[in-house]
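Single-structure report; data block below.
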Amino acid sequence: MRLGCGAFAAGCVVIEVLGVALFLRGFFPPPVRSSSKPEPPAAPEPSAVVIMLIDALRDDFVFGSKGVKCMPYTTYLVEKGASHSFVAEAKPPTVTMPRIKALMTGSLPGFVDVVRNLNSPALLEDNVITQAKAAGKRIIFYGDETWVKLFPQHFVEYDGTTSFFVSDYTEVDDNVTRHLDKVLKRGDWDVLILHYLGLDHIGHISGPSSPLIGRKLSEMDSILMRIHTSLLSEEREDLSPSLLVLCGDHGMSESGGHGASSLEEVSTALLLTSSAFERKPGEVRPPEHVQQTDLAATLAVGLGLPIPQQGRAMREQLRFLHLNAVQLSRLLQASVPVYEREPGFEQFKVSERLHGNWVRLYLEENNSEVLLNLGAKVRRQYLDTLKTLSRTLSSQVAQYDIYSMVVGTVVVLEVLALLLLSVPQALGATAELEVPLSPVCSLLFYLTFLLLWAMHVVVCTSTESSRYLCSLTWPMGGGVLALVSALLCGVLSALTRTCVDGKLLRRNPAPSPWRWSELDFLILAGTAGHVLSLGASSFIEEEHQTWYFLVSTLCLALCHESYRTCFLGGDGEPRHCSRAEGGFAGPASALQDRSVSCDVLELDQARKSPSALDGLRGREKYMALASPWLVLGCCRLLRSLNQTGVQWAHRPDLGHWLTSSDHQAELSILAALSLLAIFALVQSRCSPVSKGALALGLLGVYCYRAATGHVLSPWQQGNKDISRGIIEARFVYVFVLGILFTGIRDVLKSQVLAADVPAKTAGLWDVYSGLVLLAALLLRPHNLPVLACSLLIQTLLTRFVWRPLRHGAAEVTVMHYWFGQAFFYFQGNSNNIATVDISAGFVGLNTYVEVPAMFLTAFATYAGPVLWASHLVNFLSWEPSSGSALRHACFCYALLCSVPVSTYVVLVTALRYHLFIWSVFSPKLLYEGMHLLVTAALCLCFTAVDRSGAKADAGKIAHC
């Protein structure tokens with residue numbers, strides 16, 4: 001069956017997405033769920049416990065200069081009050097839901113929780129909240145609704161607030177504080193949990209240097225003082241100490257985000273305050289460094305027994321240690337099938353025996369020296385046991401589902417091999433290839449399927465731990481194995497065909513019309529170099545430097561080619577220029593099909609014809625020679641706008657300068673000029689209706705940023721007119737949808753009328769214009785120059801480089817891909833989760849709506865690659881052979897994305913026990929998976945647009 005290479009590539013990428021999803025399911029297995037029923041410890045009724053969790057409370061916000069200035073009461077408690085202060089180290093991923101799980105369970109959550117953070121499932125692991133409820137504790141909660149999702153039936157009273165609507169940093173905290181006066185006067189609760197989100201939201205919007213941070217810290221300080229004062233007054237009546245816990249779930253990076261492993265993101269403040277804590281006058285207690293997971297055991301003891309005081313008797317110290325060890329041993333039994341063989345469990349049994357001996361000696365002799373020595377020995381044994389159990393449970397995070405990872409890797413590699421073996425046919429003149437259906441019905445397919453099925457049964461029946469593929473129903477599991485078998489047979493069939501064609505070519509050698517150029521070698525070497533760089537953690541952290549180097553080198557190569565073509569000609573000999581006729585033509589690759597056809601002859605003749613640079617006169621010719629240098633200059637300026645990566649992310653850049661409150665006027669002027677430039681660069685090919693909608697939409701973008709207080713406007717009267725800008729943003733959305741509707745309508749019209757090429761090109765440009773307007777709305781004001789420069793570079797390269805130099809579809813596709821990746825980093829993105837701008841997901845929304853918020857966040861993150869891919873479709877749709885060019889582009893784009901993804905899957909499997917697997921490699925793996933998903937959507941769009949191009953080319957092929 002003959003199939004267009006674009007549709008073939010789209011299908012391959014969709015299958016690869018399934019393979020990567022299966023790999024991710026094995027690489028990020030769900031955490032082990034404990035089925036143990038914790039027994040409530042026999043203890044007297046505890047006093048009140050209040051947990052005040054401030055989202056993104058970085059340690060220096062409390063213990064640093066900001067804490068001294070903005071949180072005076074908290075500073076007094078730290079320096080002179082009855083308290084213990086700590087810097088609690090959080091482990092990545094530093095996002096809210098995994099950190100809540102770590103605080104309440106005392107174990108490290110799986111990295112997959114960074115995805116589940118968007119919609120948290122109920123927490124089934126053993127945790128402090130479940131134990132407290134089982135002990136009859138009455139728990140009240142106000143704040144982030146993530147707690148309500150994790151503990152749906154645990155609170156006697158609760159009021160949840162959405163955690164993802166980052167545009168709101170006032171009401172989200174007021175809705176928590178409004179309950180305080182009433183609940184503090186009541187005595188019908190044992191545990192009060194408050195989760196404040198405003199500080200985190202300010203960080204996402206403005207960063208940690210915003211003046212709003214200080215105001216929010218002062219607000220939190222006053223709330224802490226109210227709570228502490230109320231607890232002290234209750235203690236005077238009840239004569240029983242209470243516990244106030246002030247903590248953060250994670251920190252805040254210098255850009256305002258979080259999710260990675262930088263020092264600012266993992267260092268959180270932890271303050272324990274109670275009248276039971278004795279403090280000598282003048283005693284200085286600097287904050288100690290502890291693990292964030294240690295809080296769970298402390299809370300468990302505080303909830304089950306009276307608050308421990310200084311100088312507690314040995315009997316009660318051993319009792320607390322025993323309770324902690326019992327909790328960890330139960331979790332170990334639920335996590336490890338053969339837990340009896342674990343060193344931690346053996347040490348726990350030894351500790352219990354020693355503890356029993358100490359109890360018997362205690363009942364006989366109360367104050368002997370032997371009793372004290374044995375007690376100290378038991379305490380050391382318990383501490384060693386707790387450390388061993390903690391290490392064992394922490395290592396369970398790295399218990400991968402190897403079976404799912406292997407199957408997913410096999411699928412990804414089979415797809416890559418199929419794409420590589422299909423290159424000669426796919427990049428041929430007809431842009432079609434022969435897809436063999438015989439492997440599905442062949443004997444080899446059935447033998448392979450039966451062999452894989454037998455291996456599947458053996459793996460699922462012999463393993464002691466859970467495997468995702470084994471939990472699937474038999475038809476679904478059989479479908480996965482059938483897919484693997486079919487892909488393997490397809491790879492073998494393609495390999496056989498390639499070998500046969502190679503033998504025929506050696507027997508009957510024919511002169512090839514193609515030759516490798518310097519640009520082809522650069523493209524190949526750059527792609528290979530980028531793939532190899534993924535094996536080093538430092539290159540992943542600083543991947544933006546790789547793409548900056550590649551696009552800069554590409555600009556120099558294009559400059560060299562322009563000068564050589566203009567002054568020397570394609571063969572390097574001096575010549576006189578003459579005007580050339582014809583449009584787009586050029587070789588796609590040296591591996592293209594050698595079969596002679598009408599298109600091949602045309603392409604060859606166009607390659608031998610004089611360059612279209614000869615048709616440029618005067619100023620246009622000088623622009624053609626200067627364009628690569630202008631592009632290089634734009635790229636260099638954009639590098640200074642946003643510092644990204646890890647090594648130099650903390651250094652000041654132009655973006656920080658523009659976003660500071662002292663330079664709002666400069667930011668306003670730059671944003672206005674950028675919007676004008678965007679309109680000037682896009683409007684030329686828009687229809688009159690779309691042109692008007694684009695102008696009004698860009699005006700609405702500026703009004704939206706003025707309404708939110710980012711830029712100045714003539715009608716704005718100080719800060720009192722600052723709002724969320726919901727009306728202005730929705731005003732822009734109306735024009736975005738209108739432009740997209742007009743463009744899609746014209747494209748669909750061209751699908752019906754094959755000869756209506758102008759309708760298709762106009763529709764595609766309208767779709768592109770709508771995406772540009774949406775990007776202008778979602779990008780932050782200081783990033784609008786990035787969008788304007790992207791459009792300027794596209795215009796320069798299209799008019800003065802790609803068309804005059806007659807670059808092939810494959811070369812143009814690679815260049816679009818490289819620039820798209822570079823502009824991903826020009827926006828300020830990195831392979832760090834903290835750089836994801838989640839505030840873009842709430843532009844124009846007055847509440848959290850999951851699907852639109854996820855779409856807008858993803859589009860804002862990948863705006864660079866998406867806009868360059870959309871421009872690629874527009875560029876190729878204007879060419880005479882647009883159908884075959886689009887199919888070539890789709891295949892090349894799929895191959896360019898598939899090579900690094902496949903390589904990275906293999907590298908991550910090999911480096912799964914690397915020191916930086918969770919802090920560096922895992923975030924990059926998520927980015928690669930998301931990029932592959934975006935590529936699949938783009939390839940499907942390529943294929944849909946290609947249908948009309950194929951119809952238009954059919955008459956030309958028939959004529960040949």
Side-chain angles (χ1 to χ4, degrees), residues 45-57 61-62 67 70-78 81-83 100 129 132-133 137-148 151 154-163 165 168-202 212-249 269 271-276 299 302-303 307:
E45 185 72 18
S47 56
V49 176
V50 178
I51 303 173
M52 182 178 175
L53 193 155
I54 303 177
D55 213 290
L57 185 64
F61 288 172
V62 176
C70 304
M71 304 186 74
Y73 189 79
T74 306
T75 303
Y76 166 78
L77 293 178
V78 170
S83 65
I100 295 176
I129 301 297
K133 183 187 177 186
K137 308 300 180 186
R138 296 158 297 179
I139 310 173
I140 295 179
F141 170 76
Y142 304 119
D144 185 356
E145 63 182 0
T146 303
W147 289 78
V148 182
F151 311 104
H154 293 68
F155 305 124
V156 295
E157 181 181 323
Y158 65 87
D159 184 12
T161 59
T162 179
S163 59
F165 186 56
D168 173 29
Y169 53 83
T170 303
E171 292 184 11
V172 71
D173 287 344
D174 293 341
N175 289 333
V176 177
T177 307
R178 63 190 176 97
H179 298 283
L180 269 185
D181 291 336
K182 181 175 63 175
V183 76
L184 290 175
K185 295 177 181 178
R186 291 158 39 186
D188 58 346
W189 54 272
D190 302 299
V191 182
L192 174 64
I193 303 175
L194 309 171
H195 190 150
Y196 286 93
L197 292 164
L199 185 69
D200 177 70
H201 289 186
I202 293 174
L212 297 174
I213 292 288
R215 300 175 199 169
K216 181 58 66 174
L217 291 176
S218 300
E219 177 188 345
M220 296 294 103
D221 186 65
S222 63
I223 293 172
L224 180 73
M225 183 174 64
R226 288 168 57 185
I227 297 173
H228 190 229
T229 304
S230 177
L231 292 177
L232 291 178
S233 63
E234 291 292 330
E235 289 179 9
R236 297 189 188 99
E237 300 177 4
D238 299 340
L239 301 178
S240 179
S242 58
L243 175 64
L244 173 59
V245 179
L246 173 68
C247 62
D249 54 346
L271 179 66
L272 304 180
T273 303
S274 174
S275 58
L299 291 176
L303 289 169
I307 301 298

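Excluded from the calculations below are hydrogen atoms, water molecules and symmetry mates; all remaining heavy atoms, backbone and side chain alike, are included. All values derive from a computational prediction rather than experimental measurement.
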Closest approach of Arg226 and Leu184, non-hydrogen atoms and distance?
O-CD1, 4.3 Å

Result of checking Ile51, Leu53, Val245 against Ile193 for side-chain contact (heavy atoms from CB on, under 4.5 Å):
Ile51

Mind checking the CG-CG spacing from Asp144 to Asp55? Nearest 0.5 Å is all I need.
6.5 Å

What one should report as the nearest heavy-atom pair of Tyr196 and Met52 is CE1-CE, 4.0 Å

How close do Lys137 and Asp190 get, counting heavy atoms only, and between which atoms?
CA-OD2, 3.5 Å

Separation of Ile139 CD1 from His154 NE2 (nearest 0.5 Å)
7.5 Å

Is there a side-chain contact between Trp189 and Val183 in this structure, where contact means two heavy atoms from C-beta onward sitting under 4.5 Å apart?
yes

Within the 3.5 Å criterion, strictly below it, is a donor on Tyr142 or Glu157 matched to an acceptor on the partner's side chain?
yes

If you measure from CG on Leu271 to NE2 on His228, what distance do you get to the nearest 0.5 Å?
9.0 Å

Between Val176 and Val172 the two heavy atoms that sit nearest each other are CG2-O, 3.7 Å

Using 0.5 Å steps for rounding, measure from the SG atom of Cys70 to the CE atom of Met220.
12.5 Å

Under 3.5 Å, is there a donor-acceptor pair between the side chain of Ser222 and the main chain of Glu219?
yes

Any donor-acceptor pair under 3.5 Å from Thr229 side chain to Met225 backbone
yes

More than 12 heavy atoms of other residues, nucleotides or ligands under 6.0 Å from OH of Tyr169: is that the case?
no

Does the side chain of Asp221 come under 3.5 Å of the side chain of Thr74 through a donor N or O and an acceptor N or O?
yes

Taking it one step at a time, do Leu194 and Ile227 satisfy side chain to side chain contact (heavy atoms under 4.5 Å, CB included)?
CA-CA 11 Å; Leu194 309 171; Ile227 297 173; 3.5 Å; yes

Verify, without hydrogens or angle tests, whether Asp173 (side chain) and Gly198 (backbone) share a donor-acceptor contact under 3.5 angstrom.
yes

Determine the minimum heavy-atom distance between Ala269 and Val62, stating which atoms define it.
CB-CG2, 3.7 Å

Search all heavy atoms of Ala48 against all heavy atoms of Leu231 and return the closest pair with its distance.
CB-CD2, 4.4 Å

Treating Ser83 as the side-chain partner and Leu272 as the backbone partner, does any N or O pair qualify as donor plus acceptor under 3.5 Å?
no

Please work out whether the ring planes of Trp147 and His195 are parallel, tilted or perpendicular, with thresholds of 30° and 60°.
perpendicular

Kindly determine whether Val191 and Ile140 satisfy side chain to side chain contact (heavy atoms under 4.5 Å, CB included), including the steps that lead there.
CA-CA 6 Å; Val191 182; Ile140 295 179; over 6 Å; no

Hey, are the side chains of Leu243 and Val50 touching, using non-hydrogen atoms and a 4.5 Å cut-off?
no

Nearest 0.5 Å, what's the CD1-CG distance between Ile54 and Asp249?
10.5 Å

Under 30°, 30 to 60°, or over 60°: which ring-plane class applies to Tyr73 and Tyr76, parallel, tilted or perpendicular?
tilted

Between the OG atom in Ser218 and the CD1 atom in Ile213, the distance rounded to the nearest 0.5 Å is 11.0 Å

Does some side-chain heavy atom of Ile223 sit less than 4.5 Å from a side-chain heavy atom of Thr177?
yes

Flag, side chain of Ser242 to backbone of Val49, donor-acceptor distance under 3.5 Å
no

